[in-house]
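Inspection log for the structure reproduced underneath, given as structure tokens.
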Amino acid sequence: MTLRPSQVESDTLVVSFVPPRPLPGMTGLGASFALWLGFSHVEVEDSAAGQFQQLSPEELHKALAPLLPDHPRRFFCGASLGGHAALYYANWFNARAIAFAPRLPGHAYFRPWLTAGRRRLARLPLSHRDLPDVADPALRPSVLFDPWIAADAAYVDRFVRPAYPEAWFLPVRGGGHKVARLLAYQHRLKPILADILVHERQPELGYDLDGRPRNHLRLARKALNRGDAPAASHWLFQLMRNPATPGLVEAMDRYHALTGSALLR
């Protein structure tokens with residue numbers, strides 16, 4: 001667990017939950033932005049690849065206890081498995097969770113959606129109770145997900161809606177499972193986080209990601225394969241006008257690895 005205290009006096013604590021094997025140099029969701037806002041930040045990583053089952057709420061509470069008196073405003077953030085962890089642990093801290101495409105792949109409910117290479121996840125013993133059994137409905141988390149992704153929609157319908165009937169649900173159709181990274185590449189993630197963290201209001205996306213210009217993606221991939229960053233940037237920029245293209249986030253990740261920057265030139 002990594003603590004990054006604010007350099008100024010702050011009453012806000014942001015805790016990010018990071019699944020194993022993040023991108024090289026990748027920090028927890030909202031980490032840099034929280035620090036830029038002057039908030040204290042803690043990063044909790046599932047380094048044991050145990051889907052956070054080895055960390056009890058009581059152990060996390062003990063670890064964060066020194067910070068709690070000075071930080072009455074608390075936000076727990078995460079994407080995918082980290083989103084599930086944020087929703088789960090927030091109940092012990094009176095915190096508002098911000099979850100992007102949350103899911104718990106080890107739960108038996110998800111076995112129909114696990115591919116052959118991921119079925120080992122279903123054999124992981126789960127020690128945590130189901131979210132509806134521990135949830136405080138008054139916390140009203142924010143949940144952003146793509147309802148076109150069956151596993152993500154199933155998680156929301158089966159676990160989140162019964163637990164938090166008054167939650168802020170923001171469907172991002174076409175965003176895919178990696179909706180947080182897609183919104184970051186689109187420079188829309190920080191405005192969303194600012195609405196929640198600073199203004200405590202429900203964000204407005206104002207659009208559905210419904211375009212699929214696959215030919216631009218094919219040309220971008222060819223440019224990336226030959227290491228041609230300017231050409232890749234050109235085609236990726238065209239894609240960003242209709243960002244709901246399957247494979248766009250992976251292509252942007254490759255561009256980031258090639259150039260060391262996520263900014264298209």
Is the closest side-chain heavy-atom distance between Trp92 and Leu60 below 4.5 Å? no
Are Ile196 and Phe100 grouped together when hydrophobic residues (ILVMFWY) are joined by side-chain heavy atoms under 4.5 angstrom apart? yes
With under 30° as parallel and over 60° as perpendicular, where do the rings of His128 and Tyr88 fit, or are they tilted in between? parallel
For the residue pair Leu104 and Gln51, what are the closest heavy atoms and their distance? CD1-OE1, 3.3 Å
CZ/Phe145 to NE2/His177 distance, rounded to the nearest 0.5 angstrom? 13.0 Å
Note, Leu144 side chain near Leu183 side chain (heavy atom, < 4.5 Å): yes
Verify side-chain contact (heavy atoms from CB on, under 4.5 Å) between Tyr155 and Val143, making sure each step is shown before the conclusion. CA-CA 11 Å; Tyr155 177 94; Val143 183; over 6 Å; no
Taking every heavy atom of Asp136 against every heavy atom of Asn91, the minimum-distance pair comes out as N-OD1, 2.7 Å
Verify side-chain contact (heavy atoms from CB on, under 4.5 Å) between Phe75 and Leu193, making sure each step is shown before the conclusion. CA-CA 10 Å; Phe75 297 88; Leu193 292 176; over 6 Å; no
Out of curiosity, Arg73 CZ to Ser10 OG, how far, rounded to the nearest 0.5 Å? 8.0 Å
Flag if over 12 foreign heavy atoms under 6.0 Å of CD, Glu59: yes
Do any N or O atoms from the side chain of Ser142 and from the backbone of Ile98 form a donor-acceptor pair under 3.5 angstrom? no
Are Val179 and Ile149 connected, step by step, through hydrophobic side chains (Ile, Leu, Val, Met, Phe, Trp, Tyr) whose heavy atoms are closer than 4.5 Å? no
Would you say the ring centroid of His84 lies under 6.0 angstrom from that of Phe159? no
Steps toward side-chain contact (heavy atoms from CB on, under 4.5 Å) verdict (Leu87, Tyr164): CA-CA 10 Å; Leu87 289 166; Tyr164 304 103; 4.2 Å; yes
